[in-house]
2 protein chains.
Amino acid sequence: MVFTEPQHCSIDLRLRILSRLPFFKDLPAKAVEEINRHFVEMDYQRGERIYTAGDPAERLYVVADGKVRLLQHAESGKDVLLGILGSGEFFGNLAALGTAVHIDTAEAHTPICALSVRSEDFRQILDEHTGLALRALEVLGERLSAANQRVLLISAMPVDRRIAFMLLEISRKFGRQEEMGLLIDMPLSRDDLAEMTGATPETVSRVLSQLQSGGVITSGRQWIAITDRQKLEAQAGA
Amino acid sequence: MVFTEPQHCSIDLRLRILSRLPFFKDLPAKAVEEINRHFVEMDYQRGERIYTAGDPAERLYVVADGKVRLLQHAESGKDVLLGILGSGEFFGNLAALGTAVHIDTAEAHTPICALSVRSEDFRQILDEHTGLALRALEVLGERLSAANQRVLLISAMPVDRRIAFMLLEISRKFGRQEEMGLLIDMPLSRDDLAEMTGATPETVSRVLSQLQSGGVITSGRQWIAITDRQKLEAQAGA
DNA sequence: CGAGACGTTGAACCTATTCAACACTGGTGG
DNA sequence: CCACCAGTGTTGAATAGGTTCAACGTCTCG
């Protein structure tokens with residue numbers, strides 16, 4: 001089970017990504033080309049930091065290829081994995097105006113290619129194209145509702161349900177149908193799941209072992225596939 | 001310790017609230033008056049529901065006077081209190097376009113007067129006044145970052161620190177200096193704090209007793225005052 | 001005045017963490 | 001090329017933090 005991702009993205013990909021974005025997909029091709037000029041391409045190795053919480057938020061990013069982890073740190077050293085972003089998703093500080101700082105940390109979960117704009121330029125793009133800001137509002141709204149969902153999950157549900165729930169969530173976004181079942185198409189360790197569910201890696205391991213012996217999932221080093229979605233949903237819902 | 005709030009808001013208040021909003025404060029007075037016409041005034045008793053999760057999100061609200069609770073429900077019946085809003089804050093679905101539904105529930109924490117617009121009208125207001133959408137982005141951004149902070153808090157800190165932290169947070173927003181200390185200027189029960197910190201009312205009671213005997217706070221039925229902010233910060237930070 | 005909401009405190013219990021030992025895997029360097 | 005080592009995963013046993021259950025006191029409001 002190997003997850004390889006190209007580390008560079010072609011010029012083609014770059015324009016395709018931008019025009020496919022919910023933000024820009026209603027704009028005329030010419031406008032997208034114009035907007036494209038404000039973006040620069042940036043590549044990162046797996047595990048590399050793109051920005052760190054506390055840094056001034058001068059740029060905004062879009063994932064072109066690969067996966068990005070959004071983290072939040074506690075002084076205790078314990079990290080929380082807020083989410084994993086795939087191709088076409090924004091990160092940085094969408095609402096950044098003036099001299100805001102990043103509230104989270106972004107790092108490459110796989111080798112990635114990202115497109116990046118200066119916040120001011122993006123702001124100007126929003127100003128120039130009416131309706132774009134409303135799109136941004138939608139995106140932020142979805143993120144907010146996901147975050148609230150997460151608060152509910154962590155504060156009102158036991159670990160096993162949290163983990164089942166999170167697996168469903170992730171598979172909805174990154175699942176790919178394979179003979180073995182619905183494979184989560186990216187590296188995903190016990191630690192990752194632990195940081196997403198507010199649990200410890202040991203507990204995640206125990207719960208996954210449970211699920212595996214129940215025939216609900218199949219898993220190995222850094223990968224998980226769902227073999228029985230119904231059962232998993234039951235686990236998450238009961 | 002009694003918290004009385006007027007249940008109706010005068011026409012004066014209505015215009016004052018709107019023009020004081022971060023959204024509208026840079027607009028000419030005439031524009032605010034025009035916008036004002038789209039808003040209607042609505043009053044609610046303490047505990048009354050304004051909308052419930054799952055309802056179609058047809059309206060957007062601003063707190064004119066009083067406090068509003070934003071809740072999220074788990075099927076288990078356990079509720080999570082996402083936040084308490086005071087005068088001038090928006091609620092409803094800021095990003096609502098098309099036929100979205102409410103993701104949270106809003107209820108009157110105190111008797112309130114709210115101003116309300118139809119989502120479509122608000123959308124049109126955003127279209128007509130450039131820059132307003134950017135303001136909305138800011139607000140949503142702040143909410144998102146607060147929600148993420150909350151996830152970190154609940155999943156990476158022990159209860160006593162969570163409670164201390166939350167008290168500081170709330171006092172920053174609703175604190176009023178009194179002889180006894182920094183009084184949280186609204187009814188606040190053990191249950192409220194429990195629902196905000198992912199704890200049980202019993203645990204909150206124990207922690208507060210601890211803080212009280214340490215001379216950090218003074219509290220009674222439905223109220224809390226901070227007598228030693230330094231100590232509380234130490235409790236939250238260590 | 002009575003009833004119900006709110007708050008406190010104790011004791012038993014349980015879930016999940018912590019600590020620890022061990023197994024497997026993959027990549028790196030000698 | 002193989003050995004080794006760091007990263008990953010598993011499992012067990014002890015522990016602890018917080019919940020749950022229960023009983024009781026107190027305040028407020030109708």
Side-chain angles (χ1 to χ4, degrees), chain A residues 1-4 45-47 74 76-81 109-111 153-164 166 184 186-214 217-225 235, chain B residues 1-4 45-47 74 76-81 109-111 153-164 166 184 186-213 217-225 235 238:
Chain A
M1 195 64 43
V2 186
F3 303 90
T4 48
Q45 308 289 328
R46 170 161 203 194
S76 68
K78 195 171 181 177
D79 284 357
V80 170
L81 183 43
H109 184 63
T110 65
L153 196 72
I154 296 176
S155 56
M157 274 157 67
V159 219
D160 50 351
R161 292 190 55 188
R162 299 211 294 268
I163 292 170
M166 194 55 72
I184 291 169
M186 67 176 173
L188 187 66
S189 69
R190 309 306 188 239
D191 285 81
D192 292 334
L193 270 175
E195 288 180 345
M196 283 194 262
T197 55
T200 58
E202 291 95 330
T203 299
V204 171
S205 177
R206 282 181 244 271
V207 173
L208 291 187
S209 297
Q210 198 75 17
L211 289 173
Q212 185 139 18
S213 58
I217 63 167
T218 318
S219 77
R221 191 189 177 83
Q222 305 249 48
W223 64 269
I224 299 173
Q235 181 75 222
Chain B
M1 196 64 41
V2 186
F3 302 90
T4 48
Q45 307 291 328
R46 168 159 204 197
S76 68
K78 194 170 180 177
D79 285 356
V80 170
L81 183 43
H109 184 65
T110 66
L153 196 72
I154 296 176
S155 56
M157 274 157 68
V159 219
D160 51 351
R161 292 190 55 188
R162 298 212 293 269
I163 293 170
M166 193 55 72
I184 291 169
M186 67 177 173
L188 186 67
S189 69
R190 310 307 189 240
D191 285 82
D192 292 333
L193 270 174
E195 287 179 346
M196 284 194 261
T197 55
T200 57
E202 291 94 330
T203 299
V204 172
S205 177
R206 282 181 245 271
V207 173
L208 292 187
S209 295
Q210 198 74 17
L211 290 173
Q212 185 138 18
S213 57
I217 63 168
T218 318
S219 76
R221 192 190 178 83
Q222 307 247 50
W223 64 269
I224 299 173
Q235 180 77 222

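Order of the sequence lines fixes the chain letters, A, B, ..., with proteins taken first and strands second; residue numbering starts at 1 for each chain.
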Give the nucleotide from the list [options] with an atom nearest to the side chain of [X].
X: B:Val159; options: C:dA20, D:dG9, D:dG17; answer: D:dG17
X: A:Arg206; options: C:dA16, C:dG7, D:dT11; answer: D:dT11
X: B:Arg190; options: C:dT8, C:dC19, C:dA11; answer: C:dT8
X: B:Arg221; options: D:dT26, C:dA16, C:dA11; answer: D:dT26
X: A:Gln222; options: C:dG7, D:dT8, C:dA16; answer: D:dT8

Integer-rounded Å distance: [N] [atom2] and [X] [atom1]:
X: B:Trp223; N: C:dC6; atom1: CH2; atom2: P; answer: 17 Å
X: B:Asp160; N: D:dA16; atom1: CG; atom2: P; answer: 16 Å
X: A:Arg162; N: C:dA16; atom1: CZ; atom2: P; answer: 7 Å
X: B:Ile163; N: C:dG7; atom1: CD1; atom2: P; answer: 13 Å
X: A:Leu188; N: D:dG7; atom1: CG; atom2: C1'; answer: 16 Å
X: B:Lys78; N: D:dG18; atom1: NZ; atom2: C1'; answer: 10 Å
X: B:Gln210; N: C:dT9; atom1: CD; atom2: P; answer: 10 Å
X: A:Asp191; N: D:dT10; atom1: CG; atom2: P; answer: 11 Å

Identify the heavy atoms of B:Glu195 and B:Asp79 that sit nearest to each other, and give their distance.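 Nearest pair, atom of B:Glu195 first, then B:Asp79: CG-O, 3.6 Å.
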Here the pair of heavy atoms bringing B:Ser219 nearest to B:Ile224 is CB-CG1, 3.9 Å
Quiz item: How would you label the contact of B:Pro201 with the nucleic acid (heavy atoms, under 4.0 Å): base, sugar-phosphate, or nothing?
Solution: nothing
Margin query: Heavy atoms only, 4.0 Å cut-off, all strands: where does A:Gly47 land among base, sugar-phosphate and nothing?
Written below: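 Answer is nothing: A:Gly47 stays at 4.0 Å or more from every strand.
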If only side-chain N and O atoms of [X] are considered, is one of them under 4.0 Å from the OP1 or OP2 phosphate oxygen of [N]?
X: B:Thr200; N: D:dT19; result: yes
X: B:Ser209; N: C:dT9; result: yes
X: A:Thr203; N: C:dT17; result: yes

DNA chain C nearest-nucleotide lookup for A:Glu202 and A:Met157: closer to the 5′ end is A:Met157
Other residues, nucleotides, ligands: >12 heavy atoms within 6.0 Å of B:Gln212 CD: yes
ask   = Do the side chain of A:Arg46 and the main chain of A:His109 share a donor and acceptor less than 3.5 angstrom apart?
value =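 Pair found, side chain donor or acceptor close to backbone of A:His109.
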Check: Are A:Arg161 and A:Thr197 close enough that some pair of their side-chain heavy atoms sits under 4.5 Å apart?
Finding: no
